[in-house]
Amino acid sequence: MAIKIEKKITGYNVVKPEDKVAANPVTVAAPKEVRQAEVIQMHESVERPETLVGSTFKVKSPLFEHALYVTINDIVLNAGTPHELRRPFEIFINSKNMDHFQWIVALTRILSAVFRKGGDVTFIVEELKAVFDPRGGYFKAGGVYMPSIVAEIGAVIEQHMKNIGLIHDPEMDAATRQLIADKRAAYEAAGAKKNTDVSAAASAKGEINDSGFPPGATLCVKCNTQALVLMDGCQTCLNCGYSKCG
Ligand SMILES: [Zn+2]
């Protein structure tokens with residue numbers, strides 16, 4: 001039986017005599033074999049196609065004078081089949097600031113190599129996000145704490161992996177969402193009763209943080225957001241629902 005191969009051959013299997021014996025002659029066993037062999041997973045010897053699709057993220061950090069431009073290009077495996085898979089293939093970082101050029105080049109080369117190795121590459125997000133700058137981090141819009149520029153690169157990769165469906169946000173269940181809404185309402189009601197003047201003055205001065213969490217909210221250890229407030233003597237996060245009292 002002749003099979004026309006329309007794609008580049010990236011791997012093959014030799015059909016052994018026992019496979020032929022096992023195959024039911026009535027069902028079309030041969031095409032099934034071919035289909036299975038065609039599903040390509042990411043591995044070191046997948047060649048770079050001429051064209052890759054990608055995204056560029058602009059990163060502004062108070063630690064850097066100039067913006068960083070992070071480009072992540074993806075390879076689409078098994079395009080047009082039910083096994084279509086979009087995976088990061090390479091990463092480049094560009095900036096006017098040349099001071100950190102060496103380690104940026106080293107980092108991007110290693111990250112690209114990890115992407116091309118295949119397997120689960122999402123672990124690098126947590127590795128990078130856990131890097132702390134000894135000079136201290138900074139807050140992003142939305143009150144999210146960024147412990148270093150490396151962590152920021154990790155956050156960009158995470159965002160990209162979410163965009164291409166490689167990482168999924170854990171679904172917050174309805175009960176947790178309701179709990180946070182209740183806590184927030186209670187906190188706001190208590191605050192309104194106590195000191196309308198203070199919060200009005202605070203908002204006039206622009207002290208309510210970007211994400212709309214109360215002024216004076218501190219950093220939540222669970223979600224890295226400035227949304228931790230004191231309620232009934234207990235530190236409670238109005239973003240993720242974390243509570244120090246369990
Ligand atoms: Zn939180």
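When a ligand or atom number is given, it counts from 1 through the structure's own listing order. This one's a predicted model, so the numbers in the text were calculated from it and none came from an experiment.
The ring pair (Phe, Tyr, Trp, His ring centres under 6.0 Å) search around Phe139 returns Tyr145, not counting sequence neighbours. Every residue meeting the salt bridge (Lys or Arg N to Asp or Glu O under 4.0 Å) condition with Arg116, not counting sequence neighbours, appears here in chain and number order: Glu90. Listed by chain and residue number, nothing satisfies the salt bridge (Lys or Arg N to Asp or Glu O under 4.0 Å) test with Arg177 (two or more places apart in sequence, or in another chain).
Of the charged side-chain nitrogens involved, at least one lies within less than 4.0 Å of a carboxylate oxygen, so that Lys140 and Glu152 count as a salt-bridged pair.
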Query raised in the report: Which is it for Phe92 and Asn73 under the side-chain contact (heavy atoms from CB on, under 4.5 Å) test, yes or no, and what are the steps along the way?
Result: CA-CA 9 Å; Phe92 302 105; Asn73 288 332; 3.8 Å; yes
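Counting only protein atoms, the N, O or S atoms lying less than 2.8 Å from the Zn ion (ligand 1) are Cys220 SG, Cys223 SG, Cys237 SG, Cys240 SG, ordered by chain and residue number.
Side-chain contact between Ile157 and Leu128 is present, with at least one heavy-atom pair separated by less than 4.5 Å.
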